[in-house]
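These notes concern the structure reproduced below.
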Protein chains: 4
Amino acid sequence: MDERRTDTREAIRSVALELFAEQGYDKTSLREISERLGVTKAAVYYHFKTKEEILLSLIEDFLAQVDDVVDWAQSQPATAAIRHEVLRRYSDLLGGRTTQLARFMQEGQAAIRDLAAGTEMRKRIDRLVGILATPGQPLPTQLRARVALMALHVGAFAGRDIDATDEQRRHAALQLAQEIVGPAS
Amino acid sequence: MDERRTDTREAIRSVALELFAEQGYDKTSLREISERLGVTKAAVYYHFKTKEEILLSLIEDFLAQVDDVVDWAQSQPATAAIRHEVLRRYSDLLGGRTTQLARFMQEGQAAIRDLAAGTEMRKRIDRLVGILATPGQPLPTQLRARVALMALHVGAFAGRDIDATDEQRRHAALQLAQEIVGPAS
Amino acid sequence: MDERRTDTREAIRSVALELFAEQGYDKTSLREISERLGVTKAAVYYHFKTKEEILLSLIEDFLAQVDDVVDWAQSQPATAAIRHEVLRRYSDLLGGRTTQLARFMQEGQAAIRDLAAGTEMRKRIDRLVGILATPGQPLPTQLRARVALMALHVGAFAGRDIDATDEQRRHAALQLAQEIVGPAS
Amino acid sequence: MDERRTDTREAIRSVALELFAEQGYDKTSLREISERLGVTKAAVYYHFKTKEEILLSLIEDFLAQVDDVVDWAQSQPATAAIRHEVLRRYSDLLGGRTTQLARFMQEGQAAIRDLAAGTEMRKRIDRLVGILATPGQPLPTQLRARVALMALHVGAFAGRDIDATDEQRRHAALQLAQEIVGPAS
DNA sequence: CATGAATGAGCTTTCATTCAT
DNA sequence: CATGAATGAAAGCTCATTCAT
């Protein structure tokens, strides 16, 4: 019943995610976060040592899920079917809880670039790319891996002007991404 | 003879582009721009009314070229071959003078979103998308249009970790983009 | 048997002294003190009402010892020999447990000036000076009293760059201080 | 007539010196400095890049004068008479424009220790000490050099409770300092 | 054309302190 | 005895922008 304990910390994360997604990391000030929460800035600093730590704490959730996908893939044979399944799982990720997060990571890369969070994110995406196309493979294959992921991103949050539900868009994007990395046969 | 007139203005644009591309629009201050130029901030303000105006002036170059591509396309029949040619022309654009600009527009979308420059940019990209897939067409086609453009972007500046020249990457990206929007036949 | 009572209080005093000596009173935060102790800030506040009270509690030790020296001196005739003995006793003080404390009082006078602790300290030093030179005596004598004390301070903690042991330095300083206040004869 | 040019910069230095001397470097905020000046904080930052730079700019004046004394001494034979003259010149310095500065450097050593300004200051004082006692000389001589300088400091600003004019105090302190380093003969 | 000087608003962060539990 | 949570005030600093000269 007494769930107050972690209430504020979670509330901060929640509000921060909302604002980061809305306006970007840079443009979101701690004043904004704390005001929308009805607490003081100092209260936020009680729960997180720095602004970046909020971001990190947010990102880690998503990154852990990406790691899961990659880890699973590495325990499987490197077949086309597995690659398709990787895309499907990553697509699911983008549609889940972390949608907003993923979006603002995509859109606000510049703002995050130098932060630890940015480095970490790039590392994980690289791992993911590495599953779809190992470093030794030819240029077109490399490119296809990256573009396939981009396709999923477009489906998840860059194509909202298209007249379709989120579901439909994500599904269509998955199809396309799978086609891009090559036939499953 | 008197080419002094635009000298400083051009220098500002040049330095600003460099810095915007390097660090993003937000993170580049007027102090930085003017210092790297050896001028005072006030001097910059003599040439541009606001910081955003510098960005706008930079973007307009690129946008005009995009408009040219779209205008040309609209004067042609809406065939697959034309769509391929549109992609080729846009790819050329990305490889030209405006590469840096295009990159930072891609990476720093969040920073620009609310600015007039951001609105303008989105409008033009929408026009371009409209050439590759008219609004009435089915979801997959819509998606393919957007992803094809993304592929070109990836080829131009997001795939620099791939072991290949810029030229090769852009060429491969064009091939892929054309494949994505559908066969030329 | 139950010595727990003062355990924490003593630990706080000990850590605080260490940090005050290292970084000065101002630059030492309660967070630092409590963290190095593995306790919460609130725990510190249970034992001391304010930060200054920690300082005061620390200083009182030293000040009491100074008082002892002065009290003893006042019960003796005002001879040169007594003055030399006073210097010897004060020198011993500086070499004892309270060295660190004395040092940071010397170096951080500005930080403490307005605090009650600062006032108190100045009062005691004034008493000490009063033993070495009564207010009525001529300027040079007054000065000698103050400089003699300074000499002891230099010997105790300001001359650590000299190649000698603490012992040797303090001994030499005592000799010099005694010479400064005048011959024992 | 138009002396406005450097007016503000000088005013900042002047007010800062006053406040630093009064309350110490740490306890003086930029808000205080700017408010007492009737300008905004940002105006101060226009003239000095950081708070420390104000301090540095203040200290350099004094340090340059100390250097002059040392440089002169090094061009002379290392006699007792020269050492006495060095003390006299340094005493004059302490009585001049820079009195306040010297005082707060003495009192606030802790606050400055880690700053570049602190390092610089210690370097110069060390040079001065080196004139009065070369590193190879025995412990008592080393000590006498340091204590002699301290005596001058006491005369300049730590003995204001003595009933005498600044002049008289400084003069008496010089006599004492010269006696401490040894006879001129 | 350009500068020197200044402003107002905002930022992230730290601190001593309080209090219910 | 001690903690977790929070606060109010302040700090140093940066930025886009303005304007008289």
Side-chain angles (χ1 to χ4, degrees), chain A residues 2 4-9 11-12 26-34 37-54, chain B residues 4-9 12 25-34 37-54, chain C residues 4-9 12 26-34 37-54, chain D residues 2 4-9 12 26-34 37-54:
Chain A
D2 180 16
R4 269 291 125 67
R5 190 79 48 91
T6 51
D7 244 21
T8 304
R9 196 170 201 273
I12 291 170
D26 267 355
K27 296 213 167 165
T28 302
S29 72
L30 281 183
R31 185 180 49 76
E32 241 174 322
I33 295 178
S34 58
L37 236 98
V39 290
T40 57
K41 271 181 295 170
V44 174
Y45 272 95
Y46 173 78
H47 292 282
F48 296 90
K49 265 211 286 272
T50 64
K51 187 184 171 187
E52 187 177 353
E53 222 188 47
I54 304 179
Chain B
R4 266 291 125 68
R5 187 84 47 91
T6 50
D7 241 25
T8 304
R9 197 170 201 275
I12 292 170
Y25 175 76
D26 266 356
K27 297 212 167 165
T28 302
S29 71
L30 280 185
R31 185 176 53 73
E32 242 174 320
I33 295 177
S34 57
L37 232 95
V39 204
T40 57
K41 269 185 293 176
V44 175
Y45 270 93
Y46 176 81
H47 291 284
F48 296 90
K49 260 212 292 268
T50 66
K51 185 184 171 188
E52 186 178 353
E53 224 186 47
I54 304 179
Chain C
R4 266 293 128 65
R5 187 85 45 92
T6 50
D7 242 25
T8 304
R9 196 169 202 274
I12 292 171
D26 266 356
K27 297 211 167 164
T28 302
S29 71
L30 280 184
R31 185 175 52 73
E32 242 175 321
I33 295 178
S34 58
L37 232 96
V39 204
T40 57
K41 270 185 292 177
V44 175
Y45 270 93
Y46 176 82
H47 292 283
F48 297 90
K49 260 213 292 269
T50 66
K51 185 184 172 189
E52 187 179 352
E53 223 187 48
I54 304 179
Chain D
D2 180 16
R4 269 289 126 67
R5 190 77 48 90
T6 51
D7 244 22
T8 304
R9 196 171 201 274
I12 292 170
D26 267 356
K27 296 215 167 163
T28 303
S29 72
L30 281 183
R31 186 180 49 76
E32 241 174 322
I33 295 177
S34 59
L37 236 96
V39 290
T40 57
K41 268 183 297 171
V44 174
Y45 272 97
Y46 174 77
H47 292 282
F48 296 90
K49 266 210 284 271
T50 65
K51 187 184 170 188
E52 187 178 352
E53 222 188 48
I54 304 180

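Numbered from 1 within each chain, the chains take letters A, B, ... in sequence-line order.
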Inter-residue atom distance Tyr46(A).OH - Ile12(A).CD1, 0.5 Å rounding: 11.0 Å
query: Base, sugar-phosphate, or nothing for Ser34(C), non-hydrogen atoms under 4.0 angstrom?
result: nothing
- prompt: Phosphate oxygens OP1/OP2 of dC11(E): is one of them under 4.0 Å from a side-chain N or O of Arg31(A)?
  reply: yes
message: Less than 4.0 angstrom between a side-chain N/O of His47(A) and OP1 or OP2 of dA6(F), yes or no?
response: yes
- request: Rounded off to whole Å, could you give me the NZ-to-P distance for the Lys27(C) and dT13(E) pair?
  value: 20 Å
Dot-bracket encoding of pairs in DNA chain E, which uses [ ] for pseudoknotted crossings and | for another strand, Watson-Crick or G-U under 3.5 angstrom: .||||||||||||||||||||
- line: Rounded to whole Å, the CG-C1' distance (Asp7(A) to dA6(F)) equals 14 Å
field: Reported CD1-to-CD distance for the pair Ile54(B) and Glu52(B), which is rounded to 0.5 angstrom
entry: 10.5 Å
task: Taking all non-hydrogen atoms of both residues into account, name the closest pair between His47(C) and Arg9(C) and its distance.
output: O-NE, 3.8 Å
statement: Taken to the nearest whole Å, CG/Asp26(A) to P/dT14(F) is 16 Å
query: How long is the line joining CD1 of Ile33(A) and P of dC11(E), in whole Å?
result: 11 Å
task: Please report, rounded to the nearest Å, how far the C1' atom of dA20(F) is from the OH atom of Tyr45(B).
output: 17 Å
Results of salt bridge (Lys or Arg N to Asp or Glu O under 4.0 Å) for Lys27(B) - residues two or more places apart only: Asp114(A)
message: What is the separation between atom CZ on Phe48(A) and atom P on dT14(E), rounded to the nearest whole Å?
response: 15 Å
message: Suppose we screen for side chain to side chain contact (heavy atoms under 4.5 Å, CB included). Which residues come up paired with Glu32(D), at least two apart in sequence or across chains?
response: Leu19(D), Gln23(D), Thr28(D), Ser29(D)
task: Would you kindly give the CD1-to-P distance between Ile54(D) and dG12(F), to the nearest whole Å?
output: 9 Å
- line: Given the options Leu37(B), Thr8(B), Leu30(B), Val44(B) meets side chain to side chain contact (heavy atoms under 4.5 Å, CB included) only with Leu30(B)
Short side-chain N/O contact to dC1(F) OP1/OP2 from Thr8(C), under 4.0 Å: no
statement: Which of dC13(F), dT17(E), dC15(F) is nearest the side chain of Leu30(C)? It is dT17(E)
query: With sequence neighbours excluded, what pairs up with Ala43(D) under the side chain to side chain contact (heavy atoms under 4.5 Å, CB included) test?
result: Val39(D), Thr40(D)
query: For Glu53(A), which residues count as a side chain to side chain contact (heavy atoms under 4.5 Å, CB included) partner, sequence neighbours excluded?
result: Phe48(A), Lys49(A), Thr50(A)
task: Report the residue (Tyr46(B) or Thr50(C)) whose heavy-atom-nearest nucleotide on DNA chain E is the more 5′ of the two.
output: Tyr46(B)
message: Under 4.0 Å, heavy atom to any atom of DNA chain E: which of residues 37-44 of chain D qualify?
response: Val39(D), Thr40(D), Lys41(D), Ala42(D), Ala43(D)
